[in-house]
> 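Would you mind keeping the following structure in view while I ask a few things?
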Amino acid sequence: MNMVQYDAPAIEKKWQARWVAANSFAASPDKTKPKYYVLEMFPYPSGRIHMGHVRNYTLGDVVARYRRAKGFNVLHPMGWDAFGLPAENAAIERGAHPGNWTRDNIASMRTQLKSMGLAYDWGREFATCDPNYYQHEQLMFLKFFEKGLAYRKESWVNWDPAENTVLANEQVVDGRGWRSGAIVERRRLSQWFLKITKYADELLAAIETLERWPERVRLMQHNWIGKSEGARVKFRMLGDTMPIDTIEVFTTRPDTLFGASFIAVAANHPLAVALGETNQDAADFIAECAKLGTSEVTIETAEKRGFDTGLSAEHPLLTGKKLPVHIANFVLMEYGTGAIFGCPAHDQRDLDFAKAYNLPVTPVVLPPGVNQDDFKITREAYTGPGKLINSGNWDGLDIEAGKQAAITALEEIKVGSVETIFRLRDWGVSRQRYWGCPIPIIYCDDCGVVPVPAKDLPVTLPEDVDFSKPGNPLANHPSWKHTSCPSCGKAAFREQDTFDTFFESSWYFLRYADPKSAHGFSSEAAEYWLPVDQYIGGVEHAVLHLLYSRFFTRALSEVGYLDLAEPFAGLMTQGMVCHQTYQDRDGKWLFPTEVIHDGDDWRHGKTGEAVRAGRIEKMSKSKRNVVDPEIIIETYGADTARLFMLSDSPPERDMEWTEAGVQGASRFLKRIYRMVNDNALPSIGTPQPTDGEGMELVRATHKAIYSMSLDIEGFRFNRAVAQLHTLANSISNTKGKSPSVAAARRFAIETLVQLIAPLTPHIAEELWETLGHQTMLANSSWPTANESLIADNIIEIGVQINGKLRDTVSLARDCTTQEAEDAALASPTIVRYLENQAPKRVIVVPNRIINVVV
RNA sequence: GCGGCUGUGGCGGAAUGGUAGACGCGACGGAUUCAAAAUCCGUUUCUGGUGACAGAGUGGGGGUUCAAGUCCCUUCAGCCGCACCA
C-alpha cells in the first residue's frame, strides 16, 4: 500500500502558486456572461488577521468558488478600509507614521490572507488611504454639495480639554476622555452633514425589497429610521411678557388633545434657555438636566422631574383653558419640536410626571367593554384602542377617526397640520482627525465657503505631520492649511477636518467594479457588476455602514454616477467566533496555548497550577481567549481551518472554536487523502455500473451532488459538510472488488473531490491531480446530479397508530394507496396492536407515512 | 419599558406539518500494536428489561390536526437591538 503523508503546507503553497500563475480568479471582462458579485466586508488593516476574518472570508470563498464552478463570471475582490483612528494612535504611541504603519499592516495581512487560499481577484485590490481612491470621493462630495446633499451646520462634539482635541463617542468612557481621563465637555463646532434624511422615506420603503437580507437587519434599519406619523400643533402662550408667543409640539396622538393637562419643553428648548437667563431657579434646573444627560445609568433610573415655569399656554380647541408650561427632563430637544403636550391618561411618562407635580388626569379614550363611570386611570396609562370620551363632538369616535377629526379641526383654525418625523438624523461626516480623507473645501474671508475646483483634486494629506503636539496635526501643520481662494485669489484656509471613515466604505463596492477608472468607477462597469449578489460580514454593521451605503448609492445616482437604488441584493451576517476562557488563581486571563487539558481539569502548562475554565465567549484580546489563525494554518493547513469554520455551526450563528473540532476537520481531510492515494482505482472514464452494490454507490454520489448544491446555495454549509461525510462513509462501506464496483468507486471519489473543492480548495486540487486529471479544479465545472437516480425504488415507510409510530414497512416507491394500506395492515406488529378492531380510518401519504386511526 | 431572535442527547447541531436526533465531537467496548499514537469495527436520547420489547421525550402549560420540534395562544429562561422617540 502506498502510504503518502498529507503534507498540507506543501500542497497549499503549490496550488496557491499555480492559481497565481494561471491568474485563475480574475473576473472576466466578457460582459455577456452571467455575473455574480460576492463581497466580504473589507478589513481594517490592524496588522494581523483574526478568526473572525477567517470565518468571514471562508464563507465568501465557498460562495465564490461554487458560483465560478457553476459557470458564472465571478467578481470576488479584496481591499483595505485603511483610514482610521488606530493608525493615529500608533503614531502617538510608537512614533510610527500612520501611512507607513498602515501600509506595513496591509503587507502582512495580505500575506496572511494569501495563505488561506482565497479565490480573490487581487488585481482589483486597493486601499482607501491611497489618493487614487479618496480623490474620487472628494469629487463626489463636491457634487453632493452642488445638489444640496451636503451642507454645513453647527453641531455638538465631545471636547477633551486636556488633549485639546475632539473625541469620538467611543473614546468617551464614563464622561471622561479615554486617554487623558479629563471630564469631556460638549462644544459646538461647524461641521459637514450629508442629507440622508432626504431619503428617509425611500430608505424605509425599500427595506421591503431587500428579500435576501436577514429579517433582523431589516428590522434594525426600520427602527433606526424610526418614522412617526402625527401632527404638529401650536399652543399660544398667555400673557404679554413671554419670550416667545407660541410653542409648537409634535404628537402622534392628536386624538387625545382634550386630555391635555400640561405643556413640557426640553431643558435646551428656546423658551427654557430664555427663561434661564432671567430666572436663577430655572437656570439651576437646566444645568442639572445637562449634567444628568451625560451618564447612561441615570437615564435608566431617572425619575420624571420638571420645573414649573409659572407660564401657561392656551388649549387650541378649548378657548380659555390654561395649560401650565413646565421644563421637563424627559423631553428631548433632538426629537420632534423639543416640546410636548402632556396627556397623562394615555401616556405613561406624562402620567408619571402628572402624579409627581399634581397635574389633572383626564381620560379621553374608553377601552371597549368598560363603563365610563367605572373607568379610572391610576398607575398605568391606557394606550390601547377604544372610543373617545370627554372630547366634545369627537366623543364616540375610535382612535383613527379621532386623529382625522383632530387634524381637520386644527387645520381649519390654522394651528396644526399633519406631520411625519423621523428618528434618523443627517449624517455628520466631519472628523477632527488627521488620518482620513481631507474635505475639499476652502474658507475665504470674502467668498465664504468655496469648494476646491475639480481640477485641483485631490487634496492630499501632508506626510510631514507632527503628533507630539495636542490637537489635529492638520491644523498644526505650518503650511498645509494655507492656500488661496479659488474664486477671488485672496489668502484663504483649507478645511482641516477629514471625512468619517464610513465615507470610504460607502462606495468601495463600486470601485471594485472598475478599480483603475479615472472617474471612481464607470457607469458601464457598475451597471454590469452591481448590485452585489452576496454581501457577507458582521452584524455590527447592520445599521450604520449598510444604511450609509444604501444612501450613498441613491445620492450617487442623483448626481449622475449610476442608476441604482440598492447596492446589496443579498446579505448574510455571520456569527461570532467564540472560545472558552481560562483564568488562573489570581483571576488573570490565560491564553488557550498556556493551558493544558488534564482529564476533566485544566492546568497551567508551565506551572501545573489549577486553572479555572470559564464561559465560552467571543474571542477577545482582553480575555485572551484567542487562537491565532497563522499558527493554525502552519500546524494544520488552511484547508483544515476552513473546513472546521464551516463544519459545525450554521454561518449566521455564533460558533465555538475548539481544538477537538480542528482535529476532527483535519482527520476528515486525511481520510479523504488516504482514500484517493490508497485505493487502486480504474482509469478515468471507466463505464459506471447499472446495478448491484456499485449502483448503490453511484446513487449515493448523485444524492450527495444534489443535496450539497442546495446546501451551498442556501448557506447551510454545516449540512454541506455532513453530505460530504455521508458520501465518504458510503465509499468506505462499499467493499466490493469487482470492476463495476471499482468504477463506481472512482466516480464517487472523483465527485467527492469536486464537491469539497469550494470548501478546501488546495487538497481538492492535489487529489484531482492524483486522480489523473490535467486540468485544474479551479477551472472545472460543478458536477451535475442525475435526479432520476436520487430517489430509491424501495422505501421504508413508517406506520403509525393514532399518530404514534409502531412499525415500518418496505414499499415500492409511488405504489398505490391501497397497496400501502394493505401492507400496513398486514404487518404483524400492527395486527397485534389493533387487537381485532377494525381501523376507523387509514391515512396514507404516498412515500411518507401511513397512519391507522382506531 | 418596547421590539426581535433562540431554547432539541453529554456537546455542536439535523429534520418541505408526516419514521425526532442526519453528520460531527466526546464517551464506552473491541481489533491492530511490545506499547502508544494513528487507523479500523461496534455501541451511544433517557428510564425499565439479559432480551424481544415497553414507556417517556424537542424549556413549561394549553390548543388546532389523522399527525406538531414545526402552526396558534400562553408562560419561563438566555441572548441581541433600541431606549424618556412624544
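All chains are named by letter (A, B, ...) in the order of the sequence lines, taking the proteins before the strands, and each is independently numbered beginning at 1. Note that the structure is a prediction, hence the values are computed from the model and not measured.
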> Given the P atoms of B/G9 and B/G60, what is the spacing between them in whole Å?
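Rounded to whole Å, the distance is 10 Å.
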> Separation of A/H222 atom NE2 from B/G3 atom P, in whole Å?
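Spelled out: NE2 on A/H222 to P on B/G3 is 13 Å.
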> Out of B/A86, B/A67, B/C23, which has the shortest distance to the side chain of A/T726?
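Out of B/A86, B/A67, B/C23, the nucleotide with an atom closest to A/T726's side chain is B/C23.
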> Picking from B/G18, B/G12, B/A86, which would you name as closest to the side chain of A/I843?
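From the listed options, B/G18 comes nearest.
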> Both distances under 3.5 Å, Watson-Crick or G-U wobble: report the partner of B/G69, or none.
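None - no nucleotide pairs with B/G69, as no candidate has both distances under 3.5 Å.
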> Nearest-Å distance, CD1 (A/I327) to P (B/A86)?
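My rounded result for the distance is 22 Å.
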> Expressed in angstrom and rounded to an integer, what is the separation of A/I830 atom CD1 from B/U19 atom C1'?
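Spelled out: CD1 on A/I830 to C1' on B/U19 is 12 Å.
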> Tell me what A/R232 touches on the nucleic acid: a base, only sugar-phosphate, or nothing, going by heavy atoms under 4.0 Å.
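It contacts nothing in the nucleic acid.
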> Rounded to whole Å, please give me the gap between CG in A/D807 and P in B/A52.
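Going from CG in A/D807 over to P in B/A52 covers 15 Å.
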> Compare the minimum distances between each of B/A86, B/C84, B/C23 and the side chain of A/H725, then state the nucleotide with the smallest one.
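Nearest to the side chain of A/H725 among the choices is B/C23.
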> Establish, for the pair A/K304 and A/F353, whether the NZ or CZ atom is under 6.0 angstrom from the six-membered ring centre and no further than 45 degrees off its axis.
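Judged by the rule (NZ or CZ under 6.0 Å from the ring centre, within 45° of its axis), A/K304 is not positioned above A/F353.
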> Hey, does the side chain of A/Y335 come within less than 4.0 Å of B/C82's phosphate (OP1/OP2), counting only N and O?
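So the side chain of A/Y335 is outside the cut-off, no N or O lying under 4.0 Å from OP1 or OP2 of B/C82.
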> Would you say that more than 12 heavy atoms from the other residues, nucleotides or ligands in this model lie under 6.0 Å from the CZ of A/R218, or not?
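Correct, the count exceeds 12.
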> Run the salt-bridge test on A/E288 and A/R305 with the 4.0 Å N-O cut-off and return the result as yes or no.
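The answer is yes: the pair qualifies as a salt bridge.
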> On RNA chain B, compare the nucleotides closest to A/M220 and A/V852; which residue's is nearer the 5' end?
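Upstream on the strand: A/V852.
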> Any side-chain N or O of A/N718 less than 4.0 Å from the OP1 or OP2 oxygen of B/A14?
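Affirmative; the distance criterion is met.
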> Once you measure the plane-to-plane angle for A/F235 and A/F341, does it fall in the parallel (<30°), tilted (30-60°) or perpendicular (>60°) bin?
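Correct class here is tilted.
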> Can you tell me, in whole Å, how much space there is between the P of B/C66 and that of B/U75?
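Straight-line distance between the two P atoms is 28 Å.
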> Determine which nucleotide pairs with B/G81, using a 3.5 Å limit on both distances of a Watson-Crick or G-U wobble pair.
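By the stated definition (distances under 3.5 Å), B/C2 pairs with B/G81.
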> When you check the phosphate oxygens OP1 and OP2 of B/A56, does a side-chain N or O of A/K804 lie under 4.0 Å from one of them?
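Yes, A/K804 has a side-chain N/O under 4.0 Å of OP1/OP2 on B/A56.
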> Under 6.0 Å from the CD atom of A/E211, do we count more than 12 heavy atoms belonging to anything else shown?
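Incorrect, the count does not exceed 12.
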> Please give the nucleotide sitting opposite B/U19 as a Watson-Crick or G-U wobble pair, both distances under 3.5 Å, or none.
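Its partner is none (no Watson-Crick or G-U wobble pair with both distances under 3.5 Å).
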> Rounded to whole angstroms, how far apart are OH on A/Y833 and P on B/A52?
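One finds 14 Å between P of B/A52 and OH of A/Y833, rounded.
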> Distance check, P atoms only: B/G18 and B/C71, in whole angstrom units.
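Looking at atom P only, B/G18 and B/C71 are 11 Å apart.
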> Distance check, C1' atoms only: B/U8 and B/U50, in whole angstrom units.
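Here B/U8 and B/U50 have their C1' atoms 31 Å from each other.
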> On RNA chain B, check which nucleotide each of A/L219 and A/L805 is closest to and give me the residue with the more 5' one.
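That would be A/L219.
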> Heavy atoms from C-beta onward define the side chain here; which of B/C84, B/A67, B/C23 lies closest to that of A/Q800?
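Between B/C84, B/A67, B/C23, the one nearest the side chain of A/Q800 would be B/A67.
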> Could you tell me how far B/A36 sits from B/A31 if I compare only their C1' atoms? Round to whole Å.
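Taking atom C1' in both B/A31 and B/A36, they lie 15 Å apart.
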> Which one is paired to B/G24, where only Watson-Crick or G-U wobble pairs with both distances under 3.5 angstrom count?
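B/C11 - that is the nucleotide pairing with B/G24, both distances being under 3.5 Å.
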> Give a yes or no on whether a donor-acceptor pair under 3.5 Å exists between the nucleobase atoms of B/C66, that is its base, and the side chain of A/K840.
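By the distance-only test, no, there is no pair.
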> Would you tell me if any nitrogen or oxygen in the side chain of A/R216 comes within less than 4.0 Å of OP1 or OP2 on B/C82?
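Answer no for this pair, as no side-chain N or O of A/R216 is under 4.0 Å from OP1 or OP2.
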> My understanding is that a pair needs two contacts under 3.5 Å, Watson-Crick or G-U wobble. By that rule, which nucleotide pairs with B/A31?
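By the stated definition (distances under 3.5 Å), B/U39 pairs with B/A31.
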> Looking only at side chains, do A/N625 and A/T581 share a donor and an acceptor under 3.5 Å apart?
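A/T581 and A/N625 do not have a side-chain donor-acceptor pair below 3.5 Å.
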> Tell me: CD of A/E821 to P of B/G18, nearest whole Å?
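Result: 21 Å.
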> In whole angstrom, give the distance that lies between atom CZ of A/R55 and atom P of B/G12.
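Taking CZ of A/R55 and P of B/G12, I get 14 Å after rounding.
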> Would you please say whether a donor-acceptor pair under 3.5 Å links the side chains of A/S732 and A/R671?
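Yes.
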> Consider only side-chain N and O atoms of A/Y335 and A/S228, and report whether a donor and an acceptor are under 3.5 Å apart.
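Note: A/Y335 and A/S228 side chains meet the donor-acceptor criterion.
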> Would you mind calling B/G9 syn or anti? Take O4'-C1'-N9-C4 for purines or O4'-C1'-N1-C2 for pyrimidines, and syn is within 90° of 0.
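Judged by the O4'-C1' to base torsion, B/G9 sits in syn, the angle falling within 90° of 0.
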> If we take the P atom in both B/A22 and B/U43, what is their distance in whole Å?
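Approximately 12 Å lies between the P atom of B/A22 and that of B/U43.
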> Starting at atom CD of A/Q574, determine the distance to atom P of B/C5, rounded to an integer number of angstrom.
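Rounding to the nearest Å, CD of A/Q574 and P of B/C5 are 21 Å apart.
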> B/A86, OP1 or OP2 - any side-chain N/O from A/S228 closer than 4.0 Å?
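For B/A86, OP1/OP2 do have a side-chain N/O of A/S228 under 4.0 Å.
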> Suppose we define a pair by two distances each less than 3.5 Å, Watson-Crick or G-U wobble; what does B/U45 pair with here?
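B/U45 is paired, partner B/A56.
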> According to a strict under-4.0 Å criterion, is A/R667 in side-chain N/O contact with OP1 or OP2 of B/C25?
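For B/C25, OP1 or OP2 has a side-chain N or O of A/R667 closer than 4.0 Å.
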> Taking the same atom, C1', in B/A67 and in B/G13, what whole-Å distance lies between them?
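B/A67 and B/G13 have their C1' atoms separated by 25 Å.
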> Compare side-chain N and O positions of A/N729 against OP1 and OP2 of B/G24 and report whether any pair is under 4.0 Å apart.
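For A/N729, the contact criterion (side-chain N or O under 4.0 Å from OP1 or OP2 of B/G24) is met.
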> Can you tell me how far P in B/U74 sits from the matching atom in B/U70, rounded to whole Å?
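Result for the P pair: 16 Å, nearest Å.
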